[in-house]
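Counting starts at 1 for both ligands and their atoms, in listed order.
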Amino acid sequence: MPVNVAVIPVAGKGTRLLPLTKGIAKELLPLGRKPVLQHVVEEMQDAGVSDIVMITSDGKACIEDHFRHDQALLDLLHHDNKHQLADAVGFLSAATSISYVLQQQQDGLGHAVLCARDAVGDQPFVVALGDAMIGLNTEASLCKRMLRVFDDNNADAVIAFQHVPLTRVNRYGVAELKTGYVDGDEAFTLTDLVEKPSADNAPSQFAIAARYICQPTVFDHLEKTPPGVGGEIQLTDALRSVIRAGGLVLGVPLAEHEKRYDVGNFDSYYVAFIEAALADPHCGGAVRERLLQLTADSVN
Ligand code: UTP
């Protein structure tokens, strides 16, 4: 069954980025010439998704402004022969529709996904976090691979994973997995998910990486999921419940070129911003020179 819907939660408070996020949605922070959320939407379009459901909150109207079709601006740019800029502004394909569902209270990622239940209905869907992109100026085929694995195996859910150093496993949901790969070398079978384990207790070094594909039955599990870490309803807990009920949940590791760029905290945002600036086709060289100069100065 083709997967046509993506749920993109963008309702979070972004408290780790305060005061920056007091008046700016973190999902609109720039990575290169686009906000991170535009990268995510384009990734969904590339994967063949036509309906995007954004879970939003009060105070994030700027997100709807960014994705609203602006014919007057397009006409102006074309009139001034700025056709390339017009293309960059009109990036949404005609086949893509975006709708918005309000999450009244920020009760966690799992709760945000549950808010999409009526909009999604009885069909499988992608969940893509609005504050994380995969790959930078590269052909990131992660979502397409996940969709293939989901379909080939008739899975209940497929989750993306990045291999992280042992020193960082305590920041993520981590996979406990069966040895041996399925579906060629593309995926592994999950036996559990462990939230933020210590390095000593980590069942693996595979950390959840911001992309999921779920059957609609996950909504039933979310309904029954009590608040977990931070008093929030966690999508990870609902997926554990799917595994415990005997569901088939598979993990797809990121390929080497599919690095995850996360703007959710300052250290990862700064690194992502610098890498995006370095990759800019016009300004990257000059940024690189300046950075080399700055780092040489700080060593001397
Ligand atoms: P985070 O886990 O980073 O949560 O969200 P957060 O609340 O935005 O950040 P902090 O911890 O306060 O700094 C990951 C994605 O899920 C969305 C966020 O907008 C972000 O894109 N989210 C999170 C929601 O839509 N609703 C929620 O209740 C929580």
Undergrad: What protein heavy atom sits nearest atom 8 (O) of ligand 1, and how far off is it?
TA: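 It is Lys26 NZ, 2.8 Å.
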Undergrad: Check this for me - ligand 1, Ala11, N or O atoms closer than 3.5 angstrom, yes or no?
TA: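 Between Ala11 and ligand 1 (N or O atoms, distance only) the closest approach is under 3.5 Å.
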Undergrad: Got the closest protein heavy atom to atom 2 (O) of ligand 1, with its distance?
TA: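 The closest heavy atom on the protein side is Arg16 NH2, 4.1 Å.
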Undergrad: Is any NZ, NE, NH1 or NH2 atom of the basic residue among Asp58 and Lys60 found under 4.0 Å from an Asp or Glu carboxylate oxygen of the other?
TA: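 A salt bridge is absent here (no side-chain N lies under 4.0 Å from a carboxylate O).
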Undergrad: Could you identify the single nearest non-hydrogen protein atom to atom 14 (C) of ligand 1 and state the distance to 0.1 Å?
TA: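 The closest one turns out to be Asp131 OD2, 3.7 Å.
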Undergrad: Does atom NE2 of His83 have more than 12 heavy-atom neighbours from other groups under 6.0 Å away?
TA: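 It does: His83 NE2 has more than 12 such atoms within range.
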Undergrad: Give a yes or no on whether Ile243 and Phe206 share a hydrophobic cluster (residues Ile, Leu, Val, Met, Phe, Trp, Tyr; joining criterion: side-chain heavy atoms under 4.5 Å apart).
TA: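 The answer is yes; both residues are in one hydrophobic cluster.
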Undergrad: Quick one: which residue pairs count as a side-chain hydrogen bond (donor to acceptor under 3.5 Å, both in side chains) with a foot in residues 225-238, not counting sequence neighbours?
TA: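 Of all non-adjacent pairs touching residues 225-238, those that pass side-chain hydrogen bond (donor to acceptor under 3.5 Å, both in side chains) are Glu195-Thr236.
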Undergrad: Within the 4.0 Å heavy-atom shell around Lys13, which atoms of ligand 1 are there?
TA: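 Result: 7 (O), 8 (O).
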Undergrad: Around atom 17 (C) of ligand 1, find the nearest protein heavy atom and jot down its residue, atom name and distance.
TA: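 Looking at atom 17 (C) of ligand 1, the protein heavy atom closest to it is Pro9 O, 3.6 Å.
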Undergrad: With heavy atoms only and a cut-off of under 4.0 Å, state how Val10 meets ligand 1: side chain, backbone, both or neither.
TA: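 Backbone only; the side chain of Val10 stays clear of ligand 1.
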Undergrad: Can you confirm whether more than 12 heavy atoms, excluding those of Gln104, are under 6.0 Å from its CD atom?
TA: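 No, CD of Gln104 has 12 or fewer neighbouring heavy atoms, counting only those of other groups under 6.0 Å.
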Undergrad: Given that the side chain starts at C-beta and the backbone is N, CA, C, O, which of these parts of His111 lies under 4.0 Å from ligand 1, counting heavy atoms, or is it both or neither?
TA: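 Answer for His111: neither.
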Undergrad: Record the part of Asn265 in heavy-atom contact with ligand 1 below 4.0 Å; permitted values are side chain, backbone, both and neither.
TA: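 No part of Asn265 comes within reach of ligand 1.
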Undergrad: Should the ring pair Phe67 and Phe91 be called parallel, tilted or perpendicular, given that the plane angle runs from 0 to 90° and is split at 30 and 60?
TA: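 Phe67 vs Phe91 ring planes: perpendicular.
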Undergrad: Taking a hydrophobic cluster as the set of Ile, Leu, Val, Met, Phe, Trp and Tyr residues connected by side-chain heavy atoms closer than 4.5 Å, whether directly or through intermediates, do Phe273 and Val287 fall within one such cluster?
TA: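 Different hydrophobic clusters.
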Undergrad: Judging by distance only, is a nitrogen or oxygen of Gly264 under 3.5 angstrom from one on ligand 1?
TA: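 Not met; the criterion fails.
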Undergrad: Should you measure from each heavy atom of Thr15, which atoms of ligand 1 turn up under 4.0 Å away?
TA: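 With Thr15 as reference, the close atoms of ligand 1 come out as 10 (P), 11 (O), 12 (O), 13 (O).
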Undergrad: Please check whether Lys60 reaches ligand 1 - meaning an N/O of the residue sits under 3.5 Å from an N/O of the ligand, judged on distance alone.
TA: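 It does not: no N or O of Lys60 is found under 3.5 Å from an N or O of ligand 1.
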Undergrad: Any nitrogen or oxygen of Ile55, main chain or side chain, under 3.5 Å from a nitrogen or oxygen of ligand 1?
TA: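 N/O-N/O distance below 3.5 Å does not exist for this pair.
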Undergrad: Can you list the ligand 1 atoms lying under 4.0 Å from a non-hydrogen atom of Leu109?
TA: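 Answer for ligand 1: 16 (O), 29 (C).
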Undergrad: What's the shortest distance from atom 28 (O) of ligand 1 to any protein heavy atom, and which residue and atom give it?
TA: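 Checked against all protein heavy atoms, atom 28 (O) of ligand 1 sits closest to Gly108 N, 2.9 Å.
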Undergrad: For atom 19 (O) of ligand 1, which of the options Glu232, Glu27, Gln105 provides the nearest non-hydrogen atom?
TA: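 Answer by nearest heavy atom: Glu27.
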Undergrad: Is it the case that over 12 heavy atoms from other parts of the model lie below 6.0 angstrom from the NZ atom of Lys82?
TA: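 Incorrect, the count does not exceed 12.
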Undergrad: Side chain or backbone, does Gly12 bring an N or O within less than 3.5 Å of an N or O on ligand 1?
TA: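 In this structure, Gly12 places an N or O atom under 3.5 Å from an N or O of ligand 1.
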Undergrad: State the atoms of ligand 1, each with its element, that fall below the 4.0 Å cut-off from a heavy-atom position in Ala112.
TA: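 Checking each atom against Ala112, I get 24 (C), 25 (O), 26 (N).
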Undergrad: Do the side chains of Asp192 and Arg244 get close enough for a salt bridge, i.e. N-O under 4.0 angstrom?
TA: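 Looking at Asp192 and Arg244, the cut-off is met.
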Undergrad: May I ask you to list the atoms of ligand 1 that are less than 4.0 angstrom from any heavy atom of Gln103?
TA: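 Per the distance check, 24 (C), 25 (O), 26 (N), 27 (C), 28 (O).
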